[in-house]
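Have a look at the structure below, then the notes.
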Amino acid sequence: MTSETVIEARGLTKVFGGRSGIFKGHSAGTRAVDGVDLAVRLGETLGLVGESGCGKSTTGRLLLRLIEPTTGSVFFNGRDLTELSKAELRRSRREMQIIFQDPYGSLNPRMTVGDAIAEAYVIHGIGDYATRQRSVREMLDLVRLPHSAAARYPHEFSGGQRQRIGIARALALRPGFVVCDEAVSALDVSVQAQIINLLQDLQRELNLTYLFISHNLSVVRHISDRVAVMYLGRIVEIAKADALFANPAHPYTRALLSAIPRSHPDELRHRHQLSGDLPSALAIPQGCRFVSRCPFSQERCRTIDPPLGSLSDHRLVACHRAADGTLPVFELNA
Amino acid sequence: MSAVVSGLEASSQSPTWHAATRLLHNRSFLIGAGLVLAIALMALFADALAPFDPLRNSFRTRLLAPDGRYWFGTDHFGRDILSRVIFGARISLTIGILTALLTGIAGTLIGATAGFFRPLDNPVMRLMDALMAFPAILLAIAVAAVLGASVTNVIIALAIATTPHTARIVRASVLVVREQEFVLAARALGASETRLLFRHVLPNALGPLIVRLTYVFATAILAEAALSFIGVGPPPPAPSFGSIIAQGRDFIAEAPWITIFPGLAIIISVLGLNLLGDGLRDVLDPRMRT
C-alpha cells in the first residue's frame, strides 16, 4: 500500500444550530463533528465506524464539502477544499463522489435512470448527446445493469438495483475518491454481499479510494484496509483492519467489537457492556469524551482530553491509558 | 458481463403517467372533472349555446318567470337569464383560471425562494404572514376598491389575496424535498443552485400546489361573486355569476330565478372544482389527506 494521502481532514468541526438571532434565541449547538483528523490514502478503503449519531455521515459530507465545516480544513490532493470558491468547488466535484444509504431517497423519482447518470456530464459540459448516451450505457455495463434501464424510472427498480444506479451515477465522472455512506445498510443481506462485491470489483478496475462509512462492523472488517472508530464526533482509534479487530486498543473500540454478534453459540464471548447512554452532543463531557462510560477511567481522564497519538504498528489511539500501556489486557475471540 | 436485471420488459412509466392512471380510477376526480368540464364547455361554446343575446334589453319581456321560451326566466331589463348564465361562465371561469395561474406563478416564485434560499426565508415569509393576517376577501375588496372595478383588477386583487397561503404551501413542500438525498447527490455532482431548484426540488414539490390551485380556482369564483355583490366586481352590463346575482338582489322576492340559477351555476362549478381537487390530492399529495 502506498502511503500517498488523497484526502485529509485537519481539526474538522461541525456545529449544528447554535446561532443566535432575534427569532432564534441562544443555544450552544450540537457538536456533531468535533475536531476530526483523518487521512485517506490512495487506493485504500478506510472504514469509518461508530454508533448512530456519532458524526460518521457528517464527517463524510464535510470531507466532500457538501456541508460547510464550522472550523478545520480538508485537503484533497494537497488543495484546501474549504478555501475553494463555489465555481472551483463545483469543478473539483468531478474527482470525488458519494454513494448514499437510502436507495429510495437518493434518486430523483422524476428523472429516468439515463438522465440521472447523464446529469453528471450535462453539469460539467462533457460530450454531446450521443457520447453522453454512450457513456450512460458504459456506466450501466459497469454496474451490471441492462441498457434498457436507462429509459426507466427509479420506482421500477428494486433496492439493490437502485443502489447500482446510485453507484453508476457516482462513478460517471470517474472520480478517484468515493464516500460510501452506509451504502449497503438499507439492503437485504444477500443483496449487501452483491453490492459489496461490486464495490470491490470497481475499486480494482477503476483504482478507487473509498471512505466506507458503516455501523456494520462485519461489513467494515470485510471491505476495509484500515478502520477508524468514531465516538461522539471524534476519531478515537485508527488502525489496520486486522490489527484493530484482533487487538482493539481503545476501550470504546473494545466495547464496540464485543457487540458483534457471533455466528456460533458455543463461541466464547467477552462482552464489554457499556453503562449509560451516549452523552448528548449538546453536552460533551469534560476531559476524555468517553470518560462517562469508560470502565477503565482514571482521574486524569476527567480533566485532560487525550490526543490521537500513535502506538506501535501505525495505530493511532486517543486514550491516556492505552498510550502508556496501562489498560488491562483484552482478549477477543474473533 | 451478466445483467442482474430481468423481468423489466413492461413499458416504462413516468411518475406523471402513473399519477394520471390513478386519477382515472378516482371517483371524486372523475365527477369533479365532469362538472368542471361541463361548465368549461358551456363557457367555451357560449355563442352557440345561448338562445339569446345576454345583453339585449327588452321592456316587454321584463321579469318573466321560467317557461318554455325563457328556461331560466328574465331579469328586470328583460334579458334572458339562461343566456346570461352561459356567458357569465366565461367571465367567472376566466377570473378563476387567471387567478389560479397568477397565484400559482407568484406563490411558486415566492415560496421556492423562501424555502430554497434560507437567508431569504424570514424576510419573505414574514411579509407573507403580514398579508395573511388580513382576511383574503377583505384584502381583495380593498385592492379592488383601490384599483377600480374591472375584470383585470378583480383578478389582480384575488391573486394578491390568495398568494400568501399558496407561497406557504410551496415553501413547506420545498423544505421537505430539498433535504432529500437525491438533491444532495446532485449537489455532489456539482449542480448549480438553480439547477438543483428547477430540476430536482420544484418538480417534486409541486403536487400540493396543484391541489391548492383547484381550491384557489373555486375560491376565486366565489370571491368574484362576493365582490360583484358588494359592487366592486366586474362592471355591468357584462354578466358574471356574481354580477347576475347582484342585479337580482332587488327583485329576490318577486323574481327569485334571477339569483337562483347563477347561484346554482356557482355551486356546480365550486363543487366540481373541490371534488377535482380532492381527487388530485389523493393521488398527488397523500400526506395532506384529511
Side-chain angles (χ1 to χ4, degrees), chain A residues 21-23 61 64 66-67 86-87 89-94 96-112 115-116 119-124 140-149 151-158 160-161 164 166 169-170 172-173 179 181 194 198, chain B residues 1-22 117-119 121-126 129 173 176-207 210 283-286:
Chain A
I22 314 170
F23 300 112
R61 284 159 201 212
L64 301 184
L66 284 174
I67 47 182
K86 282 209 160 152
L89 182 68
R90 291 229 308 271
R91 274 196 296 281
S92 69
R93 297 232 175 272
R94 291 179 66 161
M96 49 190 190
Q97 280 300 316
I98 180 165
I99 298 165
F100 292 98
Q101 168 175 17
D102 178 8
Y104 291 88
S106 60
L107 294 170
N108 185 338
R110 288 179 192 278
M111 276 173 108
T112 62
D115 286 345
E119 185 173 31
Y121 307 124
V122 176
I123 288 168
H124 292 278
L140 289 172
D141 284 338
L142 208 57
V143 297
R144 282 70 151 162
L145 285 172
H147 292 172
S148 63
R152 296 173 186 282
Y153 286 88
H155 72 89
E156 298 174 66
F157 295 89
S158 70
Q161 290 166 345
R164 287 172 193 270
R169 174 182 57 191
L173 293 167
V179 173
D181 186 1
Q194 293 173 15
L198 176 66
Chain B
M1 216 170 276
S2 74
V4 290
V5 179
S6 57
L8 273 176
E9 308 313 319
S11 75
S12 187
Q13 300 178 3
S14 77
T16 316
W17 195 86
H18 208 66
T21 28
R22 277 166 65 206
F117 303 105
R118 293 318 300 279
D121 189 19
N122 241 321
V124 170
M125 288 321 285
R126 292 304 76 80
D129 285 350
S173 188
V176 171
V177 176
R178 72 192 289 273
E179 296 302 329
Q180 300 208 358
E181 280 189 340
F182 64 79
V183 180
L184 199 60
R187 176 167 280 143
L189 286 176
S192 63
E193 296 294 306
T194 27
R195 184 178 183 86
L196 290 176
L197 179 58
F198 287 103
R199 283 284 282 169
H200 295 278
V201 175
L202 273 183
N204 290 291
L206 290 186
I210 293 168
V283 171
L284 296 179
D285 189 23

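Sequence lines set the chain letters: A, B, ... in the order given, protein chains first and strands last, and positions in each chain run from 1.
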Side chain / backbone / both / neither for [X] at chain B, heavy atoms under 4.5 Å:
X        : value
A:Met111 : side chain
A:Arg169 : both
A:Leu64  : neither

Select, from [options], the one with the greatest count of heavy-atom pairs under 4.5 Å involving chain B.
options                                : value
A:His124, A:Arg91, A:Arg93, A:Arg94    : A:Arg93
A:Leu107, A:Ile123, A:Asp102, A:Asn108 : A:Asn108
A:Gly105, A:Ala120, A:Gly160, A:Pro154 : A:Gly105

Notebook entry, point to check: Does A:Arg144 use its side chain to pair, donor to acceptor, with the backbone of A:Leu142 at less than 3.5 Å?
Noted result: yes
Check: Side chain of B:Ser173, backbone of B:Ala205: donor and acceptor closer than 3.5 Å?
Finding: yes
Note to self: Restricting to ring-ring contact (aromatic ring centres under 6.0 Å, His included), what partner residues turn up for A:His147, sequence neighbours left out?
What the structure shows: none
Next item on the list: Under 4.5 Å, counting heavy-atom pairs only, tell me which of B:Gln180, B:Arg199, B:Glu181, B:His200 racks up the most with chain A.
Entry: B:Glu181
Next item on the list: Could you check if a side-chain atom of A:Arg61 sits within less than 4.5 angstrom of a side-chain atom of A:Asp181, using non-hydrogen atoms only?
Entry: yes
Item checked: Any residue meeting side-chain hydrogen bond (donor to acceptor under 3.5 Å, both in side chains) with B:Arg195, in chain and number order, not counting sequence neighbours -> A:Glu119
Notebook entry, point to check: Nearest heavy-atom pair of A:Tyr121 and A:Ala172: which atoms, and what distance?
Noted result: OH-O, 3.0 Å
